[in-house]
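Residue numbers run from 1 in the order of the sequence given.
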Amino acid sequence: MKPSDLADDLDEVLIDQETLSQRVQDLAEEIHRAHPDGDVVLIGVLKGAFMFMADLSRAVPAPVQLDFMVVSSYGYGSKSSGVVRILKDLDLDIEGREVVVVEDIIDSGLTLSWLLRTLSSRNPKSLEVCALLRKREALEVDIDPEYLGFDIPNQFVVGYGLDYAERYRNLSVIGTLSDAAQLENGRPRV
């Protein structure tokens with residue numbers, strides 16, 4: 001979906017499609033340089049990372065294995081409950097493997113920090129993070145991903161896998177929603 005399809009919903013485009021595409025290509029090359037034999041497992045954190053992970057994995061110029069996890073710390077609210085649960089675990093055994101966790105966005109970093117501790121207990125050979133976006137001002141724990149697409153302002157964003165009320169994931173850019181769109185598509189964001 002193009003930004004022009006949502007002229008009234010988008011307030012601002014923060015990252016356009018061309019810039020996203022180029023940065024994903026650059027990140028894939030960085031991962032390949034760090035893991036030239038291609039013996040790496042990319043673990044996508046669903047749902048938000050699915051588009052990023054698909055494009056990233058296709059851009060790595062070597063075979064990689066893919067797996068996915070679903071974790072939740074939100075329950076049914078819009079703020080973290082502080083309790084993280086695994087809703088879908090890995091199918092692959094990562095012991096002794098080179099692992100890159102592919103994350104759409106790092107907000108507070110609390111859930112990702114928990115996930116890294118959990119995956120580390122499974123004894124991978126290496127454990128790295130590739131995040132498309134990071135809100136540095138929102139961080140509550142020190143997380144410095146090995147591979148980072150963009151630092152962005154502490155604003156709620158949608159597109160390229162990121163959603164609001166399960167909408168806008170298929171937007172080809174990353175942008176902010178207008179106040180009217182947030183009210184129209186669900187309850188006001190807290």
Give a yes or no on whether a salt bridge exists between Asp144 and Arg134, defined as a side-chain N under 4.0 angstrom from a carboxylate O.
yes
In chain order, what residues pass the side chain to side chain contact (heavy atoms under 4.5 Å, CB included) check against Ser126, with sequence neighbours excluded?
His35, Glu98
Tell me whether Leu110 is reachable from Ile86 by hopping between hydrophobic residues (I, L, V, M, F, W, Y) whose side-chain heavy atoms are closer than 4.5 Å.
yes
Residues in salt bridge (Lys or Arg N to Asp or Glu O under 4.0 Å) with Asp16, at least two apart?
none
Quick one: pull up OH in Tyr147 and CG in Leu27 and give me the separation to the nearest 0.5 Å.
9.5 Å
Does some side-chain heavy atom of Leu14 sit less than 4.5 Å from a side-chain heavy atom of Thr176?
yes
Among residues at least two apart in sequence or on other chains, which ones pass side chain to side chain contact (heavy atoms under 4.5 Å, CB included) with Asp142?
none
What closest approach, in Å, do Gly109 and Ile143 show between heavy atoms, and which atom pair accounts for it?
O-CD1, 3.3 Å
List in chain and number order the residues that pass salt bridge (Lys or Arg N to Asp or Glu O under 4.0 Å) with Glu166, two or more places apart in sequence or in another chain; answer none if no residue qualifies.
Lys47, Arg169
Is Ser178 close to Leu10 at the side-chain level, that is, under 4.5 Å between some pair of heavy atoms?
no
Worked verdict on Leu127 versus Val101 for side chain to side chain contact (heavy atoms under 4.5 Å, CB included):
CA-CA 7 Å; Leu127 182 60; Val101 176; 3.9 Å; yes
For Leu133 and Ile15, which heavy atoms make the closest approach, and how far apart are they?
CD2-CD1, 3.7 Å
Is there a chain of hydrophobic side chains (I, L, V, M, F, W, Y, each step under 4.5 Å between heavy atoms) that links Val158 to Ile105?
no
Can you list the residues that meet the side chain to side chain donor-acceptor pair (under 3.5 Å) rule with Gln65, with sequence neighbours excluded?
Arg97
In the structure I gave you, are the side-chain heavy atoms of Leu115 and Val84 within less than 4.5 Å of one another anywhere?
no
Could you state whether Ile43 and Leu112 fall into the same hydrophobic cluster, counting links through intermediate Ile, Leu, Val, Met, Phe, Trp or Tyr residues with side-chain heavy atoms under 4.5 angstrom apart?
yes
Which donor-acceptor pairs under 3.5 Å do side chains of residues 48-62 form with protein atoms, sequence neighbours excluded?
| unit_1 | atom_1 | unit_2 | atom_2 | d |
| --- | --- | --- | --- | --- |
| Asp55 | OD1 | Arg58 | NH2 | 2.4 |
| Asp55 | OD2 | Tyr160 | OH | 2.6 |
| Ser57 | OG | Met53 | O | 3.0 |
| Ser57 | OG | Ala54 | O | 3.1 |

Show your reasoning for whether side chain to side chain contact (heavy atoms under 4.5 Å, CB included) applies to Tyr168 and Leu162.
CA-CA 7 Å; Tyr168 307 106; Leu162 296 154; over 6 Å; no
Could you report the tightest heavy-atom contact between Val45 and Glu103, atom names first, then the distance?
CB-OE1, 3.6 Å
Hey, any chance Leu42 and Val70 share a hydrophobic cluster, counting ILVMFWY side chains that come within less than 4.5 Å of each other, even indirectly?
yes
Is a side-chain N or O of Lys135 found less than 3.5 angstrom from the main chain of Ile106, in a donor-acceptor match?
no
Taken in chain and number order and not counting sequence neighbours, the residues that satisfy salt bridge (Lys or Arg N to Asp or Glu O under 4.0 Å) with Glu29 are none
List the residues meeting side chain to side chain contact (heavy atoms under 4.5 Å, CB included) with Asp67, not counting sequence neighbours, and say none if there are none.
Lys88, Leu90, Asp91, Leu92
Which heavy-atom pair separates Asp107 from Leu139 by the least distance, and what is that distance?
O-CD2, 3.3 Å
Which atom of Gly159 lies closest to which atom of Ile174, heavy atoms considered:
O-CG1, 4.0 Å
With sequence neighbours left out, what residues match Asn123 under side chain to side chain contact (heavy atoms under 4.5 Å, CB included)?
Glu95
What pairs meet the salt bridge (charged side-chain N to carboxylate O under 4.0 Å, His left out) rule with one or both residues in residues 115-124, with sequence neighbours excluded?
Asp89-Arg122
Would you check if Val71 and Arg85 make a side-chain contact, meaning some heavy-atom pair closer than 4.5 Å?
no
Going from CG on Leu46 to OG on Ser72, what distance comes out if it is rounded to the nearest 0.5 angstrom?
12.5 Å
So, Glu146 side chain and Glu128 main chain: donor-acceptor pair closer than 3.5 Å or not?
no
With sequence neighbours excluded, tell me which residues meet side chain to side chain donor-acceptor pair (under 3.5 Å) with Asp26.
Gln22
What's the verdict on side chain to side chain contact (heavy atoms under 4.5 Å, CB included) for Met69 and Leu119, showing C-alpha distance, side-chain angles and the deciding distance?
CA-CA 11 Å; Met69 289 187 82; Leu119 292 175; 3.9 Å; yes
Search all heavy atoms of Ala165 against all heavy atoms of Asp163 and return the closest pair with its distance.
N-OD2, 3.7 Å
Can you tell if the side chain of Glu18 reaches within under 4.5 Å of the side chain of Leu20, non-hydrogen atoms only?
no
If Ile, Leu, Val, Met, Phe, Trp and Tyr residues are connected whenever their side-chain heavy atoms lie under 4.5 Å apart, and connections chain through other members, are Val40 and Val99 in the same group?
no
Atom SG in Cys130, atom CG in Leu148: separation rounded to 0.5 Å?
8.5 Å
Just to verify, what does Glu137 make a side chain to side chain donor-acceptor pair (under 3.5 Å) with, not counting sequence neighbours?
none
